[in-house]
Asker: 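Got a structure for you, questions after.
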Amino acid sequence: RLPLPLVMNAGGCVYEIRVAETLDRMWAEWLCGMSLLPAQPGEAPGTLLRGPLADQASLYGLLTRLRDLNLTLLEVRRVE
């Protein structure tokens, strides 16, 4: 059974998280509704997850989900 999606509040920040693996867009809802963008031509293979997260707890929850999928985390950054 999959956990419920994390909920975003008005005070959230936008994050970009890059993983080495290519993810199908079907994972977007389970990964907190993040946009899943495949690598562009000329970039190393992988996926960029981009979207708002409510707070640090939501960020850590998403990172835990990525770990549970055994994905290789390459980068995490907050977008101003």
Asker: Would you mind listing every side-chain hydrogen bond (donor to acceptor under 3.5 Å, both in side chains) that reaches into residues 36-49, with sequence neighbours excluded?
Answerer: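 Non-adjacent pairs meeting side-chain hydrogen bond (donor to acceptor under 3.5 Å, both in side chains): zero.
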Asker: Is L31 reachable from V14 through a run of I, L, V, M, F, W or Y residues, each pair having side-chain heavy atoms under 4.5 Å apart?
Answerer: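 Hydrophobic grouping puts V14 apart from L31.
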Asker: As an exercise, state the distance from CZ of R67 to OH of Y60, rounded to the nearest 0.5 Å.
Answerer: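 Those atoms lie 13.5 Å apart.
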Asker: Please examine the side chains of D24 and L36, heavy atoms only from C-beta on, and report whether any two atoms are closer than 4.5 Å.
Answerer: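 Counting from C-beta outward, L36 and D24 never come under 4.5 Å.
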Asker: Any heavy-atom pair between the side chains of L48 and V19 that's under 4.5 Å?
Answerer: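 Of all side-chain heavy-atom pairs linking L48 with V19, none is under 4.5 Å.
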Asker: Okay, side chain of R50, backbone of L37: is any donor-acceptor separation there less than 3.5 Å?
Answerer: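 Side chain of R50 to backbone of L37, a donor-acceptor pair under 3.5 Å: no, none is there.
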Asker: Ignoring hydrogens, what is the shortest heavy-atom contact between S58 and D55? Give both atom names and the distance.
Answerer: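 Shortest heavy-atom separation between S58 and D55 comes out as N-OD1, 2.9 Å.
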Asker: Minimum heavy-atom separation for C32 to L53, with atom names?
Answerer: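 Residues C32 and L53, closest heavy atoms: CB-CD2, 4.0 Å.
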Asker: What pair of heavy atoms forms the shortest contact from A44 to A39, and how long is it?
Answerer: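 So the two residues come closest at O-CB, 3.1 Å.
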Asker: Determine whether I17 and L63 make a side-chain contact, defined as any pair of heavy atoms from C-beta on separated by less than 4.5 Å.
Answerer: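 Contact flag for I17/L63 side chains = yes.
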Asker: Between L49 and Y15, does the side-chain contact (heavy atoms from CB on, under 4.5 Å) criterion hold? Intermediate values first, please.
Answerer: CA-CA 8 Å; L49 290 76; Y15 287 90; over 6 Å; no
Asker: For residues 70-79, which side-chain N or O atoms pair as donor and acceptor with protein atoms under 3.5 Å away, sequence neighbours left out?
Answerer:
from : atom 1 : to  : atom 2 : distance (Å)
T72  : OG1    : E21 : OE2    : 2.9
R77  : NE     : E16 : OE1    : 3.0
R77  : NH2    : E16 : OE1    : 2.9

Asker: Ignoring hydrogens, what is the shortest heavy-atom contact between G51 and M34? Give both atom names and the distance.
Answerer: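 In this case the closest contact between G51 and M34 is N-CE, 3.4 Å.
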